[in-house]
Amino acid sequence: MTEKLSEERMARCRAVEENLADIRARIARAAEASGRKGEDVILLAATKTVPVEVVNHAIRLGVDFIGENRVQELEEKYDRLERDKCQVHFIGHLQTNKVKNLVGRVDMIQSVDSVRLAKEISRLSVQRGVNTRVLLEVNIGREENKSGVLPEALEDLLGEITGMPAISVCGLMAIPPICEETERLRNYFSLMAEYFVDIKRKKSDNVAMEYLSMGMSGDFEEAILCGANMVRVGSSLFGRRQYPAR
């Protein structure tokens, strides 16, 4: 797929190349500091508001995981994305009535936070003959304005989902509160890592704790130091988000 780029988008593509090299180097340093290798940590490019031509350029540079926050935006980009070279994840808040737009189309849904949502994913996955991989989103900061299951309800949610057909829990995801104090931020990340390791240790049916998805542009290094093996990076890779005029 070859697309003619405007000068503005060509400039963005050149910036992505420079940013990607810097981000990979930072991931490698943080991974090494945590006793791992850079390749042990997955870079997922968060592509909200990013033009599809720029996303495809990042994919050609070797970014093999991308994540969309909005169902409508994913649908607008979907057929033009070079999906044969990457995994496409959904990473935003998901309403039950939008599940039908994702099942069988994305490689993973990272934002499952209720039994109701999981049941709909399971129902449609059975209907369409696919198995849908999901992460459970945890509201680690207990913020009222954020989605995610509360930590004390995580085990019950996990227990409910393990009995559902055609849906597999592959790990946990979290977006901690914005913190100016590094120690406080690390506490959130470390607590998520504890939940991840504890669930992994139990070896429950239909559960494979493969991914601990946490850390974004402003804090992914701290997340890696605390155990994240997938980081969701948007603005540091693509530049400041450019929202369409209303």
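When a residue number appears, it is its place in the shown sequence, counting from 1. In this text the structure is predicted, and so the values were computed from the model without any measurement.
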| task | Report the C-alpha distance between Leu61 and Glu17 in whole Å, list the side-chain angles of each, state the deciding distance to 0.1 Å, and finish with yes or no for side-chain contact (heavy atoms from CB on, under 4.5 Å). | result | CA-CA 7 Å; Leu61 292 172; Glu17 295 181 32; 3.4 Å; yes

| Given Glu120 and Thr96, is the side-chain hydrogen bond (donor to acceptor under 3.5 Å, both in side chains) satisfied, shown in steps? | CA-CA 7 Å; Glu120 182 65 1; Thr96 307; over 6 Å; no

| said: List the residues meeting salt bridge (charged side-chain N to carboxylate O under 4.0 Å, His left out) with Glu143, not counting sequence neighbours, and say none if there are none. | reply: Lys146

| Are the side chain of Asn69 and the backbone of Gly92 linked by a donor-acceptor contact shorter than 3.5 Å? | no

| message | Strictly distance-based, threshold 3.5 Å: is any side-chain N or O of Asn229 a donor or acceptor partner for the main-chain N or O of Glu210? | response | yes

| task | Just do the side-chain contact (heavy atoms from CB on, under 4.5 Å) check on Leu136 and Leu158 with the steps written out, would you? | result | CA-CA 8 Å; Leu136 302 188; Leu158 186 66; 3.8 Å; yes

| What's the spacing between Thr47 OG1 and Leu81 CG if we round to 0.5 Å? | 7.0 Å

| From CA spacing to verdict: side-chain contact (heavy atoms from CB on, under 4.5 Å), Val231, Met216 | CA-CA 6 Å; Val231 294; Met216 298 187 292; over 6 Å; no

| query | In Å and rounded to the nearest 0.5 Å, what is the CZ to SG distance from Phe238 to Cys13? | reply | 9.5 Å

| query | Between the side chains of Arg36 and Ser34, does any donor sit under 3.5 Å from an acceptor? | reply | yes

| request: Assess whether atom NZ of Lys100 is packed by more than 12 heavy atoms of other residues, nucleotides or ligands within 6.0 Å. | output: yes

| task | Consider only side-chain N and O atoms of His89 and Gln87, and report whether a donor and an acceptor are under 3.5 Å apart. | result | yes

| message | Strictly below 4.0 Å, N to O, side chains only: are Arg201 and Asp198 in salt-bridge contact? | response | yes

| said: Please give me the minimum heavy-atom distance between Leu94 and Ile109, naming the atom from each residue. | reply: CD2-CG2, 3.9 Å

| query | Where the side chain of Asp156 meets the backbone of Ala153, is there a donor-acceptor pair that is under 3.5 Å apart? | reply | no

| field | Test side-chain contact (heavy atoms from CB on, under 4.5 Å) applied to Leu44 and Val63, step by step | value | CA-CA 7 Å; Leu44 180 144; Val63 173; over 6 Å; no

| How long is the span from the CZ atom in Phe196 to the CG atom in Leu135, to the nearest 0.5 Å? | 9.5 Å

| Residues which pass side-chain hydrogen bond (donor to acceptor under 3.5 Å, both in side chains) with Glu152, listed by chain and number, not counting sequence neighbours | Arg142

| field | Heavy-atom closest pair, residues Ala166 and Val130 | value | CB-O, 3.4 Å

| Less than 4.5 Å apart, any side-chain heavy atom of Tyr188 and any of Pro177? | yes

| message | Strictly distance-based, threshold 3.5 Å: is any side-chain N or O of Ser125 a donor or acceptor partner for the main-chain N or O of Ile167? | response | no

| Arg232 side-chain N/O to Ser213 backbone N/O, donor-acceptor pair under 3.5 Å | yes

| field | Donor-acceptor under 3.5 Å (Asp64 side chain, Cys86 main chain) | value | no

| Should Arg186 and Thr182 count as side-chain neighbours, where that means a heavy-atom distance under 4.5 Å? | yes

| message | Is there a path of hydrophobic side-chain contacts, each under 4.5 Å between heavy atoms, that joins Val99 and Ile161? | response | yes

| query | Cluster question for you: counting only ILVMFWY and a side-chain heavy-atom cut-off of under 4.5 Å, with indirect links fine, are Ile27 and Phe189 together? | reply | yes

| task | Of all the heavy-atom pairs spanning Leu117 and Val112, show the shortest one and how long it is. | result | CD2-CA, 3.8 Å

| field | Exam field: side chain Asn56 to backbone Glu82, donor-acceptor pair closer than 3.5 Å | value | yes

| Which atom pair, heavy atoms only, marks the closest approach of Val126 to Pro165? | CG2-CG, 3.8 Å

| If you measure from the Lys or Arg side-chain nitrogens to the Asp or Glu carboxylate oxygens, is any gap between Glu68 and Lys77 under 4.0 Å? | yes

| message | Ignoring hydrogens and geometry beyond distance, is a side-chain donor-acceptor pair present between Glu75 and Asn101 at under 3.5 Å? | response | yes

| Is the number of heavy atoms from other residues, nucleotides or ligands under 6.0 Å of Gln127 CD greater than 12? | yes

| Thinking salt bridges, do Glu160 and Lys119 make one under a 4.0 Å N-O criterion? | no

| request: Say whether, by atom type as modelled, one donor and one acceptor occur between the side chain of Glu73 and the main chain of Thr49 under 3.5 angstrom. | output: yes

| Under-4.0 Å salt bridge between Arg24 and Glu39 | no

| field | Closest heavy-atom pair and its distance - Gln110, Glu137 | value | O-CB, 4.1 Å

| note | Scanning both residues in full, the closest heavy-atom pair of Ala33 with Leu225 reads CB-CD2, 3.6 Å

| task | With Arg105 as the cation and Tyr78 as the aromatic partner, state whether NZ or CZ is under 6.0 Å from the six-membered ring centre and within 45° of the axis. | result | yes

| said: Surrounding CD of Glu181 (heavy atoms of other residues, nucleotides or ligands, distance under 6.0 Å), is the total greater than 12? | reply: yes

| From OH (Tyr211) to CZ (Phe65), nearest 0.5 Å | 5.0 Å

